[in-house]
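In what follows, a single structure is set out as structure tokens and then discussed.
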Protein chains: 2
Amino acid sequence: MFEEKKWTLKSIAEKLGVSNATVSNAFNRPDQLSEKRRKDILAACAELGYSGPNKAAQSLRKGKFDTVALVLSDSVEYMVSDPVASHFMKGVASVLAREKINLLLFSGSAEHVNSVVDFVDGFICYGRPRNPLLVEQLKQVRKKVVTVDFDIQRNASVGIDNQSAAHEIAQLAIQSSDDDVAIMGLRLLDHNAICYVEDLDSVVTEASVAHQRLKGYLSALSFKDVTLKKQRVWNIPESRSECASIAAKQALNATPRANVFLCMSDIIALTLMNEATKMGLKIPSDIRVVGFDGIDEGVRCNPPLATVHQFSEQKGIKAAQMFVDGANHEETLPYGIREGGSC
Amino acid sequence: MFEEKKWTLKSIAEKLGVSNATVSNAFNRPDQLSEKRRKDILAACAELGYSGPNKAAQSLRKGKFDTVALVLSDSVEYMVSDPVASHFMKGVASVLAREKINLLLFSGSAEHVNSVVDFVDGFICYGRPRNPLLVEQLKQVRKKVVTVDFDIQRNASVGIDNQSAAHEIAQLAIQSSDDDVAIMGLRLLDHNAICYVEDLDSVVTEASVAHQRLKGYLSALSFKDVTLKKQRVWNIPESRSECASIAAKQALNATPRANVFLCMSDIIALTLMNEATKMGLKIPSDIRVVGFDGIDEGVRCNPPLATVHQFSEQKGIKAAQMFVDGANHEETLPYGIREGGSC
DNA sequence: CTGTTAGCGCATTCAG
DNA sequence: CTGAATGCGCTAACAG
């Protein structure tokens, strides 16, 4: 099956009786030799089964790889089944395909970017990587970096105005100063515990997405003259049903129970609505719930979920476009407010 | 920000006053030099900001890349939002992460594997690539190849017994010899049209998944003494709601209408159920519908979808494990039959 | 245990 | 337009 010789530029040049530079030029620089000569060489190569210069060697030489690493905030395993991330990846993939750039998936839990940094032209980072060391490494990397939904004080970044968005959706959810509000936070704390956030002021001072959303919620609360009770802010480490349902159950079983739930992701919100329904609670008469992200399932469910719609695919397109353009600025994308059963 | 010199193995060796082989050994072959010497060198490198041998050069030299290309059946853009593919990818990602192998996503619509073949240790191919040329190329590639849900008469492959599964689910769906059965086929024909399959015998003789499932359905039909009417077999080119709903509407509007719909994917089945509901049809009294794949949404919907459950994540784990093990055989995975509202 | 040498496969000078 | 020479950054074999 593999009787064919394994050709290299050198061996094929020798076989054809020309110099290796000529063969190289035939493939890469048409202007450097006559049309006929080029066609002859290409034809002979095709005939012999040589399909062109080895890409790895070519890349080593040129320092260009036509590959970008998409650094996810969490493990690849988890991220591929996250609907928000999927839409983002879809957007990225669409422009990379057009530009004939390969896509390497990289885990935000990996130990070091070293394992890929020498194979890629740069990084698109979707969300702050779970491993903080990666962030430090990305700051140092001598290649293009586009960050999404977080910032490393360097290069390009894209995101939305999380604070305004959170403020708006919270405004919509809160109807009177008597409302008892709970905040189901996503990654508010640095560890993986599903727990109350005891000390709001100590929450990551860094301008993380969670922090920005929290600020937006809180400003809406004060705007509406609502006081946040003790033990009303939750930390959920991942936007997954498994995590969210634990927090949801506990939050729903608290006495007294909050009647407005501001959730930092749609997954959290849908999970909470699901748990509430199981407990016989009605939406919006018993509790009101708003999400964040704008995933499809929120539209199909009953009642539909009120949420901030992020246009994740557009975000991916934008990030990838900025990458190929070598952009070097911060981009703030629009968002939409989607009304639902709760408001 | 980048004041640091860009070190290479050579320059760092010179700086440290040792040979480059020694530095190389310090990083890769601890047994080749004294513990102390190694620690000193590694410490000095860390100090100077040299983070180890360039991976691209290392790979060129060793011919090993610690990267596998996951060839999807369709564009990356489309596949990341396909729930079945996502589960498969999840499985693959989990074992690759453990093995510290990078994952490169590759489109089944790409023109040539050349753009990545020199960067990877091999390929895992999920479904027959949309571009037939890729299949030919994969047959020739001098690297490991594991195929999933199709076969290229070479190397390793994993899949399920599609024919038996289709037969079983069809048996379940068909209740009497008076049933009027329609088959909503996925990629039965080579082109992209949504249409009837006029000539069943001419359908791809190759043992494609669609063909195997069709055979399973047909054997169940004859087992149940049911005759397939004219224009009862549809070709749907992609497992997407957009495509499926067109076929579904037409199939549901046919007079007389079939009362049993055998769908080659859950997406198709769910879409058809959705269209049927819009038309006021009741399941299972008016029509019965069965799917194939076993996606989560089929469990949550009302009534639940009867289907063949594929354990896609397990399939991904198996495929990746076979890749790392260098397996060279055909693996047939189990499947499950999930009952639902229709049967 | 250390250093020297010869490539991995290629692209780019620079003479001719 | 062509061909010889140099090196991208590294590792493996060998010699000391």
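Every value quoted in this text rests on a predicted model; they were computed, and no experiment measured them. So that the names make sense, note that chain A is the first sequence line, chain B the second, and so on, each numbered from 1.
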Query raised in the report: Taking only residues at least two apart or on different chains, which pairs with a member in residues 35-45 of chain B satisfy side-chain hydrogen bond (donor to acceptor under 3.5 Å, both in side chains)?
Result: B/Lys36-B/Asp40

**Report entry** All pairs passing ring pair (Phe, Tyr, Trp, His ring centres under 6.0 Å) where residues 23-64 of chain B contributes a residue, at least two apart
**Finding:** B/Phe27-B/Tyr50

Query raised in the report: Does anything in residues 96-152 of chain A pair up under ring pair (Phe, Tyr, Trp, His ring centres under 6.0 Å), and if so which pairs, sequence neighbours excluded?
Result: A/Phe88-A/Tyr126

**Report entry** Those residues that, when tested against A/Asp325, pass side chain to side chain donor-acceptor pair (under 3.5 Å) (two or more places apart)
**Finding:** A/Gln321

Query raised in the report: What is the bend of the helix from C/dC1-D/dG16 to C/dG16-D/dC1 when you compare the axis at one end with the axis at the other, using five pairs each and rounding to 10°?
Result: 40°

Requested in this report: Would you jot down, in residue-number order, the residues of residues 36-46 of chain B having a non-hydrogen atom under 4.0 Å from DNA chain D?
Outcome: none

Non-neighbouring partners of [X] that pass salt bridge (Lys or Arg N to Asp or Glu O under 4.0 Å), sequence neighbours left out:
X        : result
A/Asp74  : A/Arg130
A/Glu331 : A/Lys318
A/Glu99  : none

Close N/O contacts between protein and nucleotides 9-12 of chain C (under 3.5 Å):
| unit_1 | atom_1 | unit_2 | atom_2 | d |
| --- | --- | --- | --- | --- |
| C/dG9 | OP1 | A/Lys6 | NZ | 3.4 |
| C/dC10 | OP1 | A/Tyr50 | OH | 3.0 |
| C/dC10 | OP1 | A/Asn54 | N | 2.5 |
| C/dC10 | OP2 | A/Leu9 | N | 2.2 |
| C/dA11 | OP1 | A/Asn28 | ND2 | 2.8 |
| C/dA11 | OP1 | A/Gln58 | NE2 | 2.8 |
| C/dA11 | OP2 | A/Ser24 | OG | 2.8 |
| C/dA11 | N3 | A/Arg61 | NH1 | 2.2 |

Query raised in the report: With A/Phe311, which residues qualify under ring pair (Phe, Tyr, Trp, His ring centres under 6.0 Å), at least two apart?
Result: A/His309

Query raised in the report: With sugar-phosphate meaning primed atoms plus P, OP1 and OP2, does A/Ser34 contact a base, only sugar-phosphate, or nothing at under 4.0 Å between heavy atoms?
Result: sugar-phosphate

Requested in this report: Test A/Gln137 against B/Ser51 for side chain to side chain contact (heavy atoms under 4.5 Å, CB included), laying out the working first.
Outcome: CA-CA 11 Å; A/Gln137 293 162 20; B/Ser51 51; over 6 Å; no

Query raised in the report: If you measure from the Lys or Arg side-chain nitrogens to the Asp or Glu carboxylate oxygens, is any gap between A/Asp66 and A/Lys55 under 4.0 Å?
Result: no

Report task. In plain terms, say whether B/Glu111 and A/Lys100 are close enough for a salt bridge, that is, a side-chain N and a carboxylate O under 4.0 Å apart. Result -> yes

Requested in this report: Report yes or no: does B/Thr332 contribute a side-chain atom to a donor-acceptor pair with the main-chain N or O of B/Ile160 at less than 3.5 Å?
Outcome: no

Query raised in the report: For DNA chain D, which nucleotides open and close the run of contacts to chain B, 5' to 3', at under 4.0 angstrom from a non-hydrogen atom?
Result: D/dG9 to D/dA12

